[in-house]
Peer 1: 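There's a structure below that I have some questions on.
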Amino acid sequence: MTRFLSGVQPSGRPHLGNYLGAIQQHVALQKDGTAYYFIADYHALTTVQNAETLREHVRDLACTYLALGLDPKRSVFWRQSDVPEVTELTWLLSTVIGMGLLERGHSYKDKVAKGLTPNAGLFLYPVLMAADILAYDADYVPVGKDQVQHVEFAQDMAGAFNALYGDVFKRPEWKLSESPRVVGLDGEKMSKSYGNDLWVFEEGKALKKRVGKIPTDSRAPEDPKDPDGMLIFDWLEMLCPKDEYEDLCRRARAGGEGGPGYGELKKRVIEGMDTMFGDARAEYHRLRADTGYVDSVLAQGASRAREHASAVRDRAYAACGLR
Ligand code: TRP
């Protein structure tokens, strides 16, 4: 059975871009193999440095994945820090990768270029990530473009370790998630750091207020409009069924009596969110209240994951002379 493995950083409430770019594919892959997914809380510590915030983000992410279709009977789902063996492997791997290679990491360089003062953890981030991947003998790592280089680093580390000590680690392959460019409420790429994101489970008044931020102009419903290049139509395309979207475009182009007003268009965006996420949203709120259940899912996942990682750790320790 093919094993897919991916980690997700608990960095705040997942937005529509996170869903369409990653979560949706993670959930879908569960039927093509064995999925191993974890909440990357060790990684998060490189940037989230407040205990309450980190706990809240971890819990929120766990409930979000479960509500959106992660099936704990079928997949292994755990919290990274419940498997401390990955930190032991991180050390071993750090001794077979050159500083120079890590210095060329895009993600690291980007963060430094943005003015972040890097801690050593941020520099070693790809090594911990390689340990995550290699600890479970993953076949494929589904990731977005920005993480491909990190998986290549993991391939390098596996190769370097194996060359020194024999066949210990399985070489992982990356699998690119098809991430559509999800536009934010202002037309830029959707991103939490731009403040233009929409939480997947936003609802009611708050949802209406967020959608209200999509800029429109002062044209009347009967004025003909070209949907191309209008942000509100990008949103409709993401959220409405195709035939409904095409019908709205046709009516907008024609204008006149049947021309849709911006109020109607925004209402359709809201309905699209309700249709796409309404059931999952109810499940999310149920799970948020059921701490015992969520904890037990993560604990069970951790014990399965740990069994695997400790066997790989033993293999690696024996190979390099630590045992
Ligand atoms: N670095 C990944 C991200 O930010 C998260 C991650 C941590 C990960 N460990 C991983 C992804 C292992 C895939 C495999 O998206």
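Both ligands and their constituent atoms are indexed starting at 1 by order of listing. Side chains are part of it too, since the values below use all heavy atoms of this structure and drop only hydrogens, waters and symmetry mates.
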Peer 1: Between the main-chain N or O of G69 and the side-chain N or O of Q30, is there a donor-acceptor pair closer than 3.5 Å?
Peer 2: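 Yes, the answer is positive, given that a donor and an acceptor are paired below the 3.5 Å cut-off.
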
Peer 1: For the rings on F77 and F38, is their centre-to-centre separation under 6.0 Å?
Peer 2: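 Judged by ring-centre distance (under 6.0 Å), F77 and F38 do not meet the cut-off.
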
Peer 1: Quick one: table the atom pairs, ligand 1 N or O against protein N or O, below 3.5 Å, distance rounded to 0.1 Å.
Peer 2:
unit_1   : atom_1 : unit_2 : atom_2 : d
ligand 1 : 1 (N)  : Y125   : OH     : 2.6
ligand 1 : 1 (N)  : Q147   : OE1    : 2.9
ligand 1 : 4 (O)  : Y125   : OH     : 3.1
ligand 1 : 9 (N)  : D132   : OD2    : 2.8

Peer 1: Measuring only between side-chain heavy atoms, which start at C-beta, is L61 closer than 4.5 Å to P14?
Peer 2: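 Result yes, sub-4.5 Å side-chain heavy-atom pair found.
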
Peer 1: State which residue, out of W78, F169, F4, fulfils the ring-ring contact (aromatic ring centres under 6.0 Å, His included) condition with Y136.
Peer 2: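 Only one option passes, and that is W78.
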
Peer 1: Is the shortest heavy-atom distance from the side chain of R104 to the side chain of M99 under 4.5 Å?
Peer 2: no

Peer 1: If you take the centroid of each ring, where Trp contributes its six-membered ring, are F277 and W199 closer together than 6.0 Å?
Peer 2: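 No, ring centres 6.0 Å or more apart.
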
